[in-house]
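Note on naming: letters A, B, ... go to the chains in the order of the sequence lines (proteins, then strands), and numbering restarts at 1 for each one.
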Amino acid sequence: MQLNPDQQAAIRYLNGPLLVLAGAGSGKTRVITQKIAYLIQDCAYDANSILAVTFTNKAAREMKQRVSKVVNETQLQGLRISTFHNLGLYILRCEHKAAGYKSNITIFDDEDATGLLRELLLKKFAKDPKIIAQIKGHISRWKNELIAPDQAEKLAQAPWEMVAANVYVDYARYLHAYNAVDFDDLIYIPTKLLLDHEEILTKWQMRIRYMLVDEYQDTNHSQYQLVKLIAGIRGGLTVVGDDDQSIYTWRGARPENLMQLSDDFPNLNLIKLEQNYRSTTRILRCANHLISHNEHIFEKKLWSQLGEGELLQIISCKDEESEAYRVIAEITKHKFKHNTQFKDYAILYRGNFQARFFEKALREQNIPYKLSGGTAFFSRSEIKDLLAYFRLLVNPQDDAAFLRIINVPRRGIGPTTIEKLGNYAKQRNVSLLLAAQEVGVQQILSGKPLQTIKSFIEWLQTMVYKIRHDDAEISLKQLLQDIGYQDWLESTCSSDEVAKNKMGNVKELLLWVAKLLKQHNGDFADVVAKLTLLDMLENSEEDTEQNKVQLSTLHASKGLEYPYVFLVGMEEGLLPHTISIDEKNIAEERRLAYVGITRAQRGLTITFARQRKKHGGVIDTKPSRFLKELPTDDLQWFTPNSAASEENRQETGKAHLANIRELLAKK
DNA sequence: CATTAGCTGTTTTTT
DNA sequence: ACAGCTAATG
């Protein structure tokens, strides 16, 4: 496909910073990938002097894949395409000394961070998880705004804000003592570092000569500062964004950063991409109609040359179960009729929990599917356990990891022992593991617990050695053997099935780690940190190649496209979500729906359930208000009593599915 | 220390 | 419905 003049211009423009306002499907990823190719092939840029940044691992993966199709492999050596968090980790690991960390940094995930905060707040006053979450959010905001703990203390006004600031101080101190960072730190610390150290800043500015940022509307303040610092006055910078696709303000994203750019870079050039190469005119008209209900920073109108296309189908379903069966039935029918492939279909939803019903239905029908997003995998207890072992092997100061696994599997180390050890560690001002290694613990602990901990530490040390010197895969299997994890799973799980499943996950993790270790030259610390950032499915191009129905949250679907999209659960309370139903947040929910609609290339089906199970009971639901914001002429409704569909008399999706199977069999 | 029964509150989205 | 926590018991 040829590039249009605007795209060409965006690719070739190198006389300073450039903002590309790119509507959905206007080829923004193409502009970025082609620009990388242009820089390398036509402008003699070294690949390792180019940095491309995205928000999700998925987007980074996609971009890497697309670049490798345009530029040959030897020229790509050293090219960095990564998420903001991975970039932060990279800078932090390079500059750990200046930042005051040892090289074996570990990353606290959300759960660890919340755990630490709970511990700290217990002393102060509260243990209400809501308050903890609130304070966590506040600390996160401070970090996003580049406000240090001591500054926060000075700035705090309201009493509760003072408490939060105090906790922030302690929290930062503890994390540092653990030689650990949280997700926000991965941006905050490197940005502060570049701000405070002229020579480090210069070094990075020299190293990175051109920077490209995708989904720019999702940057928060600290991320923007990081970009600005690296780009410097030279302004080797292209950012691509679309304020209509800003769906991350809940985690601090500031679409205003699009505007901010022209203030910070007076010589900023602006290029708009408005031609859409993805969707039919009908789909686009619906998207434009919907989003016109929002206020806009920049006006733009998307258009397409791909023809009118089919009507959008709106299907009313009885409940979530029949919604799932109905969608599967529609896919089956459509696939048969148009001779398509499973991978041409995507099911998009607001919340991860919705995937369950579709998974069940797909499994029953033996339809292959790909569930997107690694979060589910990493939140599994068995994976977190193993990861905690890994973290402890890397960093003996990681107390969160220590606490998680010291008694998993059971070693007879209970709360009493841990409390004693904890007190001692605090008094000695060292981590739990290091405290247990000191001679002085003998005065605190004795007998069996002491013996157990001693031998546990000895074992850990042999393990550290083994992983460094022996074959990775064998070492990791040994670790699993030594702790008797399989037996523990079998004895604690409710059924053999569950235990087997968990063991399968554990084996999968070990395989990945072994593979990653080889990729990272055996740098176990690096691999473990990467794992925490969920950056692993890297070598699974097969997934998109494989012929599977795609299941994804709306958030995770951004930047992707599918021939036929099923946007499910289009109900009040779900999309828009109950929590975001006030005037300010409704705009973001609308953008979320907009993102969903604009994923579709040729066909779009929107479904909703009239009833949904909620905390036990059954709740009546209403169709989403967003449906009323679509142009009626482009819609075809399928409701139980509408004449539009004979088939729809079948109330349950299951029966509907059976009908279609029968119909197909006859043909 | 481990186990278990009963109690709670809880449901967005991601790094 | 369910997981995660608490308190009581082995």
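A straight line from CG of A/D182 to P of B/dT14 spans 19 Å, rounded to a whole angstrom. Remark: C1' of B/dT15 and CD of A/E111 are 15 Å apart, rounded to the nearest angstrom. In this entry the distance linking CG of A/N144 with C1' of B/dT15 reads 11 Å, nearest Å. Taking atom CD1 on A/I187 and atom P on B/dT14, their separation rounds to 17 Å, with Å as the unit. Between the P atom of B/dT11 and the CG atom of A/D110 lies a distance of 13 Å, rounded to the nearest Å.
A side-chain donor-acceptor contact under 3.5 Å links A/K558 to the backbone of A/Q245. Of the possible polar contacts, one joining the A/N294 side chain to the A/A587 backbone as a donor-acceptor pair under 3.5 Å is found.
Annotation: of the two residues near DNA chain B, A/I418 and A/E589, the 5′-most nearest-nucleotide partner is A/I418. When the nearest nucleotides of DNA chain B are assigned to A/H555 and A/P449 by heavy-atom distance, the more 5′-ward of the two goes with A/P449.
Looking at the side chain of A/L533, the nearest of the listed nucleotides B/dT14, B/dT15, B/dA2 is B/dT15. Among B/dT15, B/dT14, B/dT3, the nucleotide with an atom closest to any side-chain atom of A/R410 is B/dT3. Considering only the side chain of A/N352, B/dT14 comes nearest among B/dT11, B/dT15, B/dT14. Each of B/dT14, B/dA2, C/dC5 was ranked by its minimum atom distance to the side chain of A/W250; first place goes to B/dT14.
Counting any heavy atom pair closer than 4.0 Å across all strands shown, A/F84 reaches no nucleic acid atom. Within 4.0 Å of A/N407, counting heavy atoms only, lie sugar-phosphate atoms of the nucleic acid but no base atom. Contact annotation for A/S580: base contact, defined as any heavy-atom pair under 4.0 Å involving a base atom.
Only the P atoms considered, B/dT13 is 16 Å distant from C/dG4, to the nearest whole Å.
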Go through the steps to decide whether A/F626 and A/H293 satisfy the test ring pair (Phe, Tyr, Trp, His ring centres under 6.0 Å), and finish with yes or no. CA-CA 10 Å; A/F626 297 146; A/H293 290 78; 8.9 Å; no
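A salt bridge links A/R391 with A/D112: the closest approach of a Lys/Arg side-chain nitrogen to an acidic carboxylate oxygen falls below 4.0 angstrom.
Contact annotation: A/T553 reaches the phosphate of B/dT14 (side-chain N/O to OP1 or OP2, under 4.0 Å).
Under the 3.5 Å distance criterion, with hydrogens and angles disregarded, no donor-acceptor pair is assigned to the side chains of A/D398 and A/N179.
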